[in-house]
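Step one of this worksheet: look at the structure below.
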Amino acid sequence: APAGEYLDFGGNALRPGCFYEKQFKRWFGDRKPTVYAHIATDSEHPGKLAVQYWFFYTFNDFTNKHEGDWEMAQVDFDAATPEQALKIGPDQVNYAQHAGGERGAWNGDPKLTKEGTHPVEYIATGAHAGFFQSKLYLGKGGTAVFGCEDTRGATERFSPQVVVLPD
């Protein structure tokens with residue numbers, strides 16, 4: 001990519017060691033991780049809205065090591081307004097996974113784990129793709145011919161600070 005169109009942190013992305021972990025701790029200290037939320041609507045789908053949650057990772061250690069990676073989870077509502085959405089609850093949950101994603105129904109989908117009013121997302125080690133369960137996933141991911149993603153190490157639970165972005 002041309003200069004100025006990507007992040008270029010210090011260190012070597014191909015031999016990261018623990019540089020990125022140390023850098024993260026230096027930047028953020030004891031601050032709580034932040035997730036950015038956006039309420040999205042689409043004129044082609046009136047009467048529906050989604051809450052998108054955006055996560056930023058400073059380093060991706062998957063098949064193509066790189067710096068700076070945004071990931072997203074989305075909760076869909078069959079409602080025209082946020083007030084209606086809060087009354088009726090979610091319709092489905094979507095997790096981003098490299099060149100695609102996965103969707104699950106809020107009610108009745110056995111793969112979806114919920115804790116009260118919140119879906120549980122399992123993050124793949126190194127790649128940050130979101131999944132519905134804690135297990136080893138084998139198959140194609142992104143531009144990789146064949147790969148695996150492992151969410152079994154996703155044992156740390158946290159409730160991040162949420163910042164709602166304006167429309």
Side-chain angles (χ1 to χ4, degrees), residues 7 24 27-64 66-144 147-167:
L7 297 174
F24 179 84
W27 286 342
F28 295 99
D30 293 331
R31 284 184 282 173
K32 195 172 186 178
T34 301
V35 171
Y36 299 93
H38 173 69
I39 298 172
T41 58
D42 183 346
S43 60
E44 292 185 25
H45 300 280
K48 296 185 181 291
L49 65 84
V51 179
Q52 298 175 335
Y53 296 93
W54 292 89
F55 314 88
F56 182 75
Y57 294 91
T58 55
F59 182 69
N60 186 308
D61 187 14
F62 190 53
T63 56
N64 59 340
H66 59 275
E67 301 165 325
D69 205 1
W70 284 99
E71 300 294 346
M72 193 256 300
Q74 179 172 300
V75 180
D76 297 334
F77 296 86
D78 195 12
T81 67
E83 294 78 18
Q84 285 179 335
L86 289 171
K87 285 180 185 174
I88 65 171
D91 180 47
Q92 58 189 11
V93 177
N94 310 275
Y95 295 143
Q97 301 166 349
H98 308 293
E102 186 176 6
R103 175 177 291 157
W106 182 259
N107 292 313
D109 197 326
K111 69 183 174 190
L112 175 63
T113 302
K114 295 184 275 188
E115 288 185 352
T117 60
H118 295 78
V120 174
E121 181 178 18
Y122 294 89
I123 306 301
T125 302
H128 314 128
F131 292 90
F132 285 95
Q133 298 174 336
S134 177
K135 67 182 201 176
L136 181 65
Y137 292 86
L138 299 174
K140 185 176 182 197
T143 57
C148 69
E149 298 197 71
D150 195 351
T151 61
R152 296 173 297 177
T155 57
E156 184 176 343
R157 291 180 174 264
F158 67 94
S159 297
Q161 168 183 296
V162 178
V163 174
V164 179
L165 300 175
D167 195 9

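Minimum heavy-atom separation, Gly89 to Phe77: O-CD2, 3.3 Å. Scanning all heavy atoms of the two residues, the minimum distance from Pro82 to Ile39 falls at CG-CD1, 4.2 Å. Between Pro119 and Tyr95 the shortest heavy-atom distance is CB-OH, 3.5 Å. In terms of heavy atoms, Thr41 sits closest to Leu49 at CG2-CB, 4.0 Å. For Ala85 against Ala79, the heavy-atom pair with the smallest separation is N-CB, 3.5 Å. For the pair Ala73 and Glu121, the tightest heavy-atom approach, listed with the atom from each and the gap, is CB-OE1, 3.6 Å.
Taking NZ of Lys48 as the start and CG of Asp42 as the end, the distance is 11.0 Å to the nearest 0.5 Å. Taken from CD in Gln133 to CD in Glu102, the straight-line distance is 8.0 Å, to the nearest 0.5 Å. Once rounded to the nearest 0.5 Å, the distance linking CG of Asp150 with CZ of Phe131 reads 10.0 Å. To the nearest 0.5 Å, atoms NZ (Lys114) and CH2 (Trp106) are separated by 5.0 Å. Note that CD of Gln74 is 8.5 Å distant from CH2 of Trp54, once rounded to the nearest 0.5 Å. The CG atom of Asp76 sits 9.0 Å away from the CD atom of Gln52 when rounded to the nearest 0.5 Å.
Between the side chain of Lys111 and the backbone N or O of Arg103 there is at least one donor-acceptor pair closer than 3.5 Å. Formation of a donor-acceptor pair under 3.5 Å by the Thr151 side chain with backbone atoms of Ile123 is not found in this model. Of the possible donor and acceptor atoms, one in the side chain of Gln97 sits under 3.5 Å from a partner among the backbone N and O of Gly130.
A 4.5 Å side-chain heavy-atom check between Tyr53 and Val75 finds at least one atom pair inside the cut-off. Using a 4.5 Å heavy-atom threshold, the side chains of Phe55 and His128 count as separate.
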